Amino acid sequence: MLKPGLSPGPGLGYHGPNLEVNLAKRATIFVCQNCGASQPKWLGRCPSCQSWDSLVEEPGAPAAAGPAGPPAATLPLAGALERPERRLASGLAELDRVLGGGLVAGMVVLVGGEPGIGKSTLMLQAAESLGAAGGRVLYVTAEESARQVGLRANRLGLAGAGVELLADTSLEPILGTMAAGGFTAVVVDSIQALKSGELGSAPGAVGQVRHCAAELAALAKELGSALFLVGHVTKEGALAGPRVLEHLVDTVLYFESEPAMRLRILRAVKNRFGATDEVGVFEMTSRGLAAVDNPSAVFLAHRPRAAPGSAVCAALSGTRPLLVEVQALVSPSGLAMPRRQALGVDPGRLHMLCAVLAIHAGRDLSAHDVFVNVAGGIRLAEPAADLAVAAAVASSLAGRPLPAEVVCFGEVGLAGELRAVSRASARLSEARRQGFTRALTAPGKPLDPPGLTLLTARRLDEALELLLD
Ligand code: TYD
Ligand code: MG
């Protein structure tokens, strides 16, 4: 932290006594976000790399390093290994799932999302359940008054035990409260509304956001409190939003809406303490966010019956098996380079699958546009989705629906072969739970899920024959 009265770096001393007094009060520099060059004052254009509007206020550089100090205490790695990581459940199972199994002391989590998506609601509900479990939670409300938060808590039917509210926008008293309080968790709603007295810029400016977040994170690590920073992103994914914080936090969660299904999806895009392919699925109700118990059923609810181009994939979303619908539309193209568009699956993977379909399964797509979408805003990052994508594309091209009671999963190789994927039995059990009676995948370990007929194919063309003929 910058202490008031910190003297400016040695390079700034020649400006004369007046300026020095000024700088001593607010020792900040302006750093180009493009090339890293620093300037003593703000300029519209960086003199070094000529980029416009790239200078951002930052705390001034510390004085040059002096002679080496006394040795610091080191910790043998073996000593560090002995301490098992303890997880504390927040009480919201879907949040804990996305965090990788609960909170870790000192973890810093950024919760981003568009305004109105439900970030404050989620944080308040998490604070309530942590408090109810005996934790102490500091809820810093920098955008809304304590009364507004109270009204929301009332609407949500919360009791509020163990949760302290602090309605403030200045960083320094918040740090002081954190240091004095012994809190299990601290929520800052939102980081863009905070202002440090050490910087002259307005709340929400990149320099402010970054400085406040860095100070809060450093203190939380020291105290062992879990820290949640709420940040808004605009529809355009605004640059001045929380993106600038992604590197200084442990975990980045994005809260997104799926309007067609009235769902809220919480996903980790970075997690030092867990996987990033885990999603939490919520529903916004009149009494706040409720976990969706059976997401597969919700994702399949709007599936068209007997429509070409729709395949059900038994996917794995993190640790949870999830059935999702993959939709494809193949239409004649007048373009020399037909379009390939993928939402929810990797576009490169779609190109590859189109090539494999053409070469190894006799389905020429060179005169067709191909659009693929995964229903429900789910992203299928695993190759296990290949078979469902290829089947949906082939079904749309043929104009024939796939059998409604079949789920499929499996990786497609460049030689047109089908490969077995991990956790097949978990996928099959989920398929059975959702009422599917047949599953198609690559031959692998013998699996015998009761109530489900397992079809296997060694090659993509064999699989498509089973599905479409
Ligand atoms: P909010 O948590 O304030 O969103 P954010 O902090 O991300 O801006 O709430 C988002 C919306 O949720 C708001 O428009 C009202 C609605 N809502 C409900 O439908 N039910 C509820 O119980 C609550 C608290 C909010
Ligand atoms: Mg809010």
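Heavy atoms only: backbone and side chains are in, while hydrogens, waters and symmetry mates are out. Values in this document were obtained by computation on a predicted structure and should not be read as measured data. Order of appearance sets the numbers: ligands from 1, and atoms from 1 within every ligand.
Of the N or O atoms in P115, none lie within a sub-3.5 Å distance of an N or O in ligand 1. Ligand 1 has an N or O atom lying under 3.5 Å from an N or O atom of R152, backbone or side chain. Inclusion of E144 in the set of residues having an N or O under 3.5 Å from an N or O of ligand 1 is not warranted. The distance criterion of under 3.5 Å between nitrogen or oxygen atoms is met by T285 with respect to ligand 1.
We find that R427 and E382 are joined by a salt bridge, their nearest charged nitrogen and carboxylate oxygen being less than 4.0 Å apart. In summary, E114 and K119 do not engage in a salt bridge, as defined by a charged side-chain N under 4.0 Å from a carboxylate O. Salt bridge annotation for R264-E94: absent, with no cationic side-chain nitrogen under 4.0 angstrom from a carboxylate oxygen. Ion pairing of E405 with R438 is present here, as a side-chain N (NZ or NE/NH1/NH2) and a carboxylate O approach within less than 4.0 Å.
Atom CG of L329 sits about 10.5 Å away from atom NE2 of H368, to the nearest 0.5 Å. A distance of 10.5 Å separates CE of M284 from OG of S257, quoted to the nearest 0.5 Å. E215 CD to L194 CG: the interatomic distance, rounded to the nearest 0.5 Å, is 11.5 Å. Note that the CD atom of E198 and the NZ atom of K195 stand 10.5 Å from one another [nearest 0.5 Å].
Listed for the R379 side chain is no donor-acceptor partner under 3.5 Å among the backbone atoms of G344.
S120 lies close to the Mg ion (ligand 2), since one of its N, O or S atoms is found at a distance under 2.8 Å.
Protein heavy atom at the shortest distance from atom 22 (O) of ligand 1 is G288 N, 2.8 Å. Here the protein heavy atom with the shortest distance to atom 9 (O) of ligand 1 is T121 OG1, 3.5 Å. Protein heavy atom nearest atom 4 (O) of ligand 1, with residue, atom name and distance: G118 N, 3.1 Å. Atom 12 (O) of ligand 1 has as its closest protein heavy atom M284 CE, 3.1 Å.
The part of R155 lying near ligand 1 is the side chain, judged by heavy-atom distances below 4.0 Å. At a heavy-atom cutoff of 4.0 Å, ligand 1 is contacted by no atom of V230, backbone or side chain.
Here is the list of ligand 1 atoms found below 4.0 Å of a heavy atom in L156: 22 (O), 24 (C). With ligand atoms numbered from 1 in the order given, ligand 1 contributes 22 (O) to contacts under 4.0 Å with heavy atoms of S286.
Here atom 14 (O) of ligand 1 lies nearest to G116 when heavy atoms of G116, S190, S120, A290 are compared.
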